[in-house]
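Structure first, commentary second.
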Amino acid sequence: MHPVATLDHRYVWHPFTQMRDWLRREPILLAEGRGAVLRDIRGREYLDANSSIWTQLHGHGHPAINRALARQMGKLSHCSALGFANEPAARLAAGLVQAASAEAPARGRGGARLAKVFFSDNGSTAMEVGLKLAYEYARRVKRIARPRFLSLQGAYHGDTVGAVSLGHIDLFHKAYGGLLFKSDRVMAPYCYRCPFNRARPERADAREYRVCGWECVSAVEGKLSRARKLGRPYAGFVVEPLMQGAAGMIPQPEGWLRKVAGAARQAGALILADEVMTGFGRTGIPSPSRGAGLFACHREGVVPDFLALAKGLTGGYLPMAATLTTEPVFEAFLGEYSEFKTFFHGHSFTGNPLGAAASLASLDLLLTPGSVRARARLERWMRADLATLWDLPQVGDVRQVGLVAGVELVRDWRRRTPFDLAERRGIRVCERMASRGVLTRPIGNVIVLMPPYCTTRAQLRRMVEALRESIAEG
Ligand SMILES: *Cc1c(COP(=O)(O)O)cnc(C)c1O
């Protein structure tokens with residue numbers, strides 16, 4: 001055992017990890033990264049097939065982000081946003097508002113444009129900020145005494161107590177029920193396991209949705225309108241647009257988001273879009289002529305009232321997050337000091353200049369035509385390579401939205417019978433992939449493939465080949 005591994009085993013408690021399993025094996029100790037490649041402390045190389053838990057956009061050690069960080073470090077690494085301003089944070093806020101409006105659909109119904117940015121540290125805090133602002137806005141402006149929120153079956157919005165309250169993954173969330181406020185859950189689309197039998201009985205293809213009766217939209221509409229009729233309207237509707245990540249990389253059929261967002265608006269609910277995973281180009285380029293495809297909402301013509309961003313914000317370098325919101329929400333907190341309308345919320349590292357400098361460099365990169373082209377190309381390669389997995393009997397579904405993919409393993413693909421979670425199928429496949437030099441992490445029986453945007457043709461082939469061989473091993 002490497003001496004550093006001994007230290008890890010003795011002292012570190014890892015997130016979302018059964019530590020008994022962890023302590024049974026020598027950990028992979030990552031020491032260096034360049035592009036899509038990570039190197040461990042002994043010099044062995046791996047491909048980063050989930051972009052270091054969905055954060056890295058341009059790959060490790062990108063020269064432009066490194067330069068921006070070095071420059072900023074030479075000036076100022078941190079100062080407080082409580083009482084002071086700094087240049088990178090101010091420029092980043094402008095850049096984010098600009099990026100969010102540049103691609104916003106002109107016909108985006110109902111909502112005001114995103115105009116203000118509140119910084120925090122991670123995806124969970126970005127959601128907490130949106131939640132608290134929406135709650136207070138609903139009380140002050142809509143005169144709702146006890147604002148309630150509606151979120152999706154399978155939703156994951158982070159691990160702080162407010163974010164967990166919006167979540168509906170029993171495995172993660174049930175234990176803490178006593179700590180949480182109640183939020184309502186509503187059916188989310190999961191076409192592969194559609195309870196209305198709308199999915200075709202054989203392997204999925206695009207025609208699957210043709211016979212769909214939009215029962216999953218009706219479920220949301222029904223919930224929203226019933227609440228309104230009962231005089232207890234929802235203050236907010238919380239959604240991860242286009243694809244629910246931690247739920248198992250579950251895509252929404254085209255049109256779903258537009259329809260449910262319309263229903264939420266009609267019922268008077270604010271829309272909280274969690275683009276912590278989907279943001280910054282992850283969901284692909286609809287058409288390069290229409291922009292860089294930075295946000296998933298825009299694909300369906302939706303302008304949310306809150307947009308939560310984290311993971312890829314800094315290009316995946318640093319813990320920084322942003323919650324964008326509208327002028328009307330901002331105004332609900334304006335007043336004389338003595339009115340105590342202030343948003344009493346903030347963190348020690350809010351608006352951190354290093355994080356903001358990295359984010360600005362990343363945003364610049366995303367908007368270059370070269371990056372847009374590379375993403376469009378990588379998306380095509382992924383589609384081609386992933387299609388080769390269909391003939392494996394353990395593969396039930398292959399789902400891809402832009403540059404994110406999930407491969408669902410099943411015991412019997414004809415019946416779509418899932419593997420028992422206790423069998424640790426997904427974990428075992430990922431362990432075998434690691435031994436083949438490819439790193440990713442499963443969600444239950446779903447193997448995630450989410451390569452950095454710099455991934456080359458050959459690297460992607462190796463990722464999918466390792467995935468294929470590791471699944472085929474049984
Ligand atoms: C990861 C994630 C979060 C939580 O972000 P953290 O930075 O891990 O707190 C919230 N929402 C979504 C959709 C995520 O994928």
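It should be emphasised that the depicted structure is a prediction, and the values quoted were computed from it without experimental measurement. Whatever order the structure lists them in is the order used to number ligands and atoms, beginning at 1. Any value given below was found using the heavy atoms of this structure, including those in side chains, with hydrogens, waters and symmetry copies removed. We number each residue from 1, following the sequence as shown.
Annotation: side chain of H157 is not in contact with side chain of H168 (no heavy-atom distance under 4.5 Å). Residues D184 and R148 have side chains in contact (heavy-atom distance under 4.5 Å, counting atoms from C-beta outward).
Near N122, the atoms of ligand 1 lying under 4.0 angstrom from a non-hydrogen atom of the residue are 7 (O), 9 (O). Taking a cut-off of under 4.0 Å to the non-hydrogen atoms of G158, the atoms of ligand 1 that pass are 4 (C), 10 (C). Which parts of ligand 1 touch E240 is read off a 4.0 Å heavy-atom cut-off, strictly below it: atoms 13 (C). The atoms of ligand 1 that sit less than 4.0 Å from any heavy atom of D274 are 10 (C), 11 (N), 12 (C), 13 (C).
At the top of the distance list for atom 7 (O) of ligand 1, counting protein heavy atoms only, stands G123 N, 2.8 Å. S124 OG, 2.6 Å is the protein heavy atom nearest to atom 9 (O) of ligand 1.
Aromatic ring centres of F119 and F349 lie farther apart than the 6.0 Å criterion allows. For H347 and H345, the ring centers sit closer than 6.0 Å to each other.
Only side-chain heavy atoms of V276 come within less than 4.0 Å of ligand 1; its backbone N, CA, C and O stay farther off. Under 4.0 angstrom from ligand 1, there are no non-hydrogen atoms of A310. With a 4.0 Å heavy-atom cut-off, ligand 1 is reached by the backbone of Y156 and by its side chain too.
Closest to atom 10 (C) of ligand 1 by heavy atom, among E275, H157, Q244, is H157. Among K311, M277, M320, the residue whose heavy atom sits closest to atom 14 (C) of ligand 1 is K311.
The pair R282-E275 does not meet the salt-bridge criterion, since no charged nitrogen lies less than 4.0 angstrom from a carboxylate oxygen. Using a cut-off of 4.0 Å between Lys/Arg side-chain N and Asp/Glu carboxylate O, R424 and D21 are scored as salt-bridged.
The shortest N or O to N or O distance between W54 and ligand 1 is not under 3.5 Å.
If you run salt bridge (Lys or Arg N to Asp or Glu O under 4.0 Å) between E379 and each of R377, R375, R383, only R383 comes through.
A donor-acceptor pair shorter than 3.5 Å cannot be found between the side chains of R428 and S470.
The nearest pair of heavy atoms linking R258 to V302 is CA-CG2, 4.2 Å.
Under the 4.0 angstrom criterion for non-hydrogen atoms, M127 is not in contact with ligand 1.
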